[in-house]
Amino acid sequence: MATRPFDVDGSPIFVAEGIFAAEIVAECRRRGLLAGAYALRRPRGATFLRRLARDLAEQRKAPRVLVRRGITLLRTEPAVLRRQTGLGAEAARARQVLRGVAALLAGHPRRP
């Protein structure tokens with residue numbers, strides 16, 4: 001796994017997103033930087049359909065390949081969520097995450 005430094009000085013919060021974001025939860029906690037860590041929990045069928053529609057529209061691969069890949073991701077999604085929560089992220093719906101981030105921002109004035 002590659003690493004690269006980043007600077008959060010002057011920022012009230014930072015958001016790491018993506019399938020590998022949970023990888024930094026423990027280190028952020030150790031450094032006192034962690035205000036919250038979330039893994040999005042969405043209806044799997046809706047995620048499958050959104051992903052398929054996006055990939056078909058972008059013509060990423062042949063439709064049959066996209067359907068097959070989507071079904072595989074649909075089946076593995078619970079394991080991905082378990083792994084992320086095992087790394088310290090809290091499974092939450094998007095609305096919960098947005099409210100949590102808004103509350104964090106409200107408690108921290110923005111800095112230039």
Side-chain angles (χ1 to χ4, degrees):
M1 177 185 300
T3 62
R4 86 182 110 133
F6 65 99
D7 186 3
V8 295
D9 288 342
S11 299
I13 66 171
F14 76 93
V15 176
E17 66 87 23
I19 193 162
F20 298 110
E23 303 288 339
I24 66 170
V25 169
E27 183 63 18
C28 288
R29 183 175 283 125
R30 186 184 73 72
R31 292 181 182 212
L33 298 173
L34 188 69
Y38 307 99
L40 282 181
R41 184 180 61 216
R42 291 186 164 161
R44 289 172 34 203
T47 300
F48 168 79
L49 292 173
R50 271 195 302 271
R51 183 184 296 125
L52 182 61
R54 178 201 67 202
D55 292 349
L56 287 170
E58 294 176 5
Q59 299 179 352
R60 292 179 173 220
K61 292 183 173 51
R64 192 159 91 167
V65 172
L66 294 174
V67 170
R68 224 174 329 149
R69 177 182 170 269
I71 290 170
T72 299
L73 291 172
L74 177 78
R75 290 180 178 149
T76 61
E77 192 171 323
V80 170
L81 189 58
R82 278 193 304 277
R83 183 174 185 287
Q84 290 173 330
T85 57
L87 290 169
E90 173 189 344
R93 300 233 180 255
R95 195 170 288 156
Q96 279 179 278
V97 174
L98 291 173
R99 280 195 303 260
V101 170
L104 287 171
L105 285 171
H108 294 86
R110 290 182 183 249
R111 298 180 213 155

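- Judged by distance alone, the side chain of Gln84 and the main-chain N or O of Ile19 form a donor-acceptor pair under 3.5 Å.
- Residues Ala16 and Ala21 approach most closely at O-CB, 3.5 Å, considering heavy atoms.
- Leu52 CG to Ile71 CD1: the interatomic distance, rounded to the nearest 0.5 Å, is 9.0 Å.
- In terms of heavy-atom proximity, Leu40 sits nearest to Ala94 at CD2-CA, 3.6 Å.
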Derivation of the side-chain contact (heavy atoms from CB on, under 4.5 Å) call for Leu74 and Thr47: CA-CA 8 Å; Leu74 177 78; Thr47 300; over 6 Å; no

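- Remark: Arg64 engages no residue in a salt bridge (charged side-chain N to carboxylate O under 4.0 Å, His left out) (not counting sequence neighbours).
- Here the side chain of Gln96 pairs a donor or acceptor atom with the backbone of Arg93 at under 3.5 angstrom.
- Residues Ala89 and Ala39 approach most closely at CB-N, 3.9 Å, considering heavy atoms.
- Looking at Leu87, Leu81, Thr85 one by one, the single match for side chain to side chain contact (heavy atoms under 4.5 Å, CB included) with Arg83 turns out to be Leu87.
- A search for side chain to side chain donor-acceptor pair (under 3.5 Å) contacts involving Arg95 returns nothing, not counting sequence neighbours.
- Other cluster members for Leu98: none, since no ILVMFWY side-chain heavy atom sits under 4.5 Å from it.
- Residue pairs meeting the salt bridge (charged side-chain N to carboxylate O under 4.0 Å, His left out) criterion with at least one member in residues 27-46, sequence neighbours excluded: Glu27-Arg30, Glu27-Arg31.
- When all heavy atoms are compared, the tightest approach of Tyr38 to Ala92 is CD2-CB, 4.0 Å.
- When the side chain to side chain donor-acceptor pair (under 3.5 Å) test is applied to Arg69, the partners found at least two apart in sequence or on another chain are Asp55.
- More than 12 heavy atoms of other residues, nucleotides or ligands shown are found within 6.0 angstrom of CD on Glu58.
- Linking Ile, Leu, Val, Met, Phe, Trp and Tyr whenever their side-chain heavy atoms come within less than 4.5 Å leaves Val65 and Leu56 in two separate clusters.
- Hydrophobic cluster membership differs between Val25 and Phe14, with clusters built from Ile, Leu, Val, Met, Phe, Trp and Tyr side chains linked at under 4.5 angstrom.
- A search for salt bridge (charged side-chain N to carboxylate O under 4.0 Å, His left out) contacts involving Glu17 returns nothing, not counting sequence neighbours.
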